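Okay, here's the structure, questions in a sec.
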Amino acid sequence: MEALLGSLEQLALIKALKTSFFAYPIVNALHILAIGALVTAVLLMDLRVIGVIRSLDEQPFVRLLRRVALWAFALAVLTGALMFAVRATEYAGMPLFWIKMGLIGLAGVNFVAFSLLRQPSAKRVLAGVSITLWPLVLLAGRFLGFVL
Amino acid sequence: MRRLRVVLLAAALAIAAPVLPALAHHGWAWTEDGFFELTGIVKEVFVGNAHATLDLEVEGVVWRVELAPPGPTMAAGFTEDTVKPGDEVVALGNRSLDPNEKRMKAVRITTGGKAYDIYPARVPAN
């Protein structure tokens, strides 16, 4: 594991990113953009499912926002992986990093369960779980930058 | 709509409130005003984004010495090749306000008889 993380840090692209003046802040900014889009889409979807937002039809609204959320998540994973790789060993040794990954994992399980369930009352509960989990992921991620 | 506004405002406050004190770790607000000097043995050096760090062992305790982002750190002449584990280093700077936290932010690193001014404008007059 240690060797794998070390070799990740030694990749030419990652070494360039490590001391770059422009690239790293741009990757960082794209990560923030992705998180903003993801959390916004998720919260709006959840509020629609729960019934706080009623002015728009649920199906087209959720279909659109789900697409936004999935693309935003993909961008967040890509940019996050790049920043992780710059200091892979350090991040992998931080409990907070694994708390964040665990929260994302829980949110993923919640998403799958939501997709499988049919009962509106159960879906509302899972939307409530989602509305709690994603801001916690954001919070854990933000704190990572301050404990390094 | 009013209910939505209340929910969103509460969510925003819940997210923002715990983050605010942590913002102190950028800049110098989290450090003591007076200067602090730490002499230790290099455990690990990282000169890269988002900011460079130096881990120094002092009497069996590892301190995290924060430097500048890689640009200014390297402009001061300090790179990852400047020191290696086992080297003795003197870090001059400001330590954390929290006395239990083994962490400081350096303005000058001295090693091998040479001084590297990481934050030249903050180095006290000789």
Side-chain angles (χ1 to χ4, degrees), chain A residues 6 9-10 14-29 31 35-36 39-40 42-44 46-48 50-56 82-91 93-94 96 127-128 130-132 134-148, chain B residues 1-31 43-55 62 64-76 78-82 85 96 98 101-103 105:
Chain A
E9 291 166 358
Q10 294 307 313
I14 300 308
K15 284 179 82 170
L17 193 58
K18 180 179 171 183
T19 50
S20 70
F21 182 71
F22 288 110
Y24 189 93
I26 290 170
V27 169
N28 199 334
H31 195 63
I35 291 164
V39 174
T40 303
V42 163
L43 293 187
L44 287 173
D46 293 338
L47 290 172
R48 181 63 193 88
I50 292 167
V52 178
I53 300 172
R54 293 174 191 275
S55 52
L56 293 162
L82 286 171
M83 290 191 290
F84 170 82
V86 167
R87 261 193 126 159
T89 313
E90 178 98 10
Y91 283 118
M94 293 165 76
L96 184 58
S130 164
I131 225 170
T132 314
W134 285 108
L136 286 176
V137 172
L138 184 149
L139 203 57
R142 185 66 293 226
F143 268 95
L144 271 178
F146 294 93
V147 292
L148 202 61
Chain B
M1 272 324 266
R2 179 170 296 164
R3 193 144 64 106
L4 170 63
R5 238 170 281 160
V6 171
V7 169
L8 288 180
L9 185 65
L13 285 176
I15 292 165
V19 175
L20 291 177
L23 289 177
H25 254 239
H26 274 311
W28 303 81
W30 60 280
T31 63
K43 290 283 284 181
E44 212 172 318
V45 57
F46 174 86
V47 179
N49 284 299
H51 58 82
T53 60
L54 193 57
D55 289 344
V62 178
R64 163 76 31 122
V65 181
E66 297 186 9
L67 307 175
T73 303
M74 291 187 296
F78 192 89
T79 70
E80 275 188 1
D81 299 323
T82 305
S96 171
D98 178 357
E101 194 180 28
K102 303 297 181 221
R103 188 182 278 262
K105 188 155 171 170

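Small disclaimer: the values here were computed from a predicted structure and weren't measured. Letters A, B, ... mirror the listed sequences (proteins, then strands); counts begin at 1.
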Query raised in the report: Between B:Phe46 and A:Val86, what is the shortest heavy-atom contact and its length?
Result: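 So the two residues come closest at CE1-O, 3.7 Å.
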
**Report entry** Note: A:Lys15-B:Glu80 ion pair, threshold 4.0 Å (strictly below)
**Finding:**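 The answer is no: the pair does not qualify as a salt bridge.
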
Query raised in the report: Which pair of heavy atoms, one from A:Thr19 and one from B:Met74, lies closest together, and at what distance?
Result: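 Shortest heavy-atom separation between A:Thr19 and B:Met74 comes out as CB-CE, 3.8 Å.
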
Query - Gap between atom CZ of A:Arg87 and atom OG1 of B:Thr53 - 0.5 Å precision - result: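 Result: 3.5 Å between the selected atoms.
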
Query raised in the report: Which bit of A:Leu17 is near chain B, if near means a heavy-atom gap under 4.5 Å: side chain, backbone, both or neither?
Result: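 When you check distances to chain B, only backbone atoms of A:Leu17 fall under 4.5 Å.
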
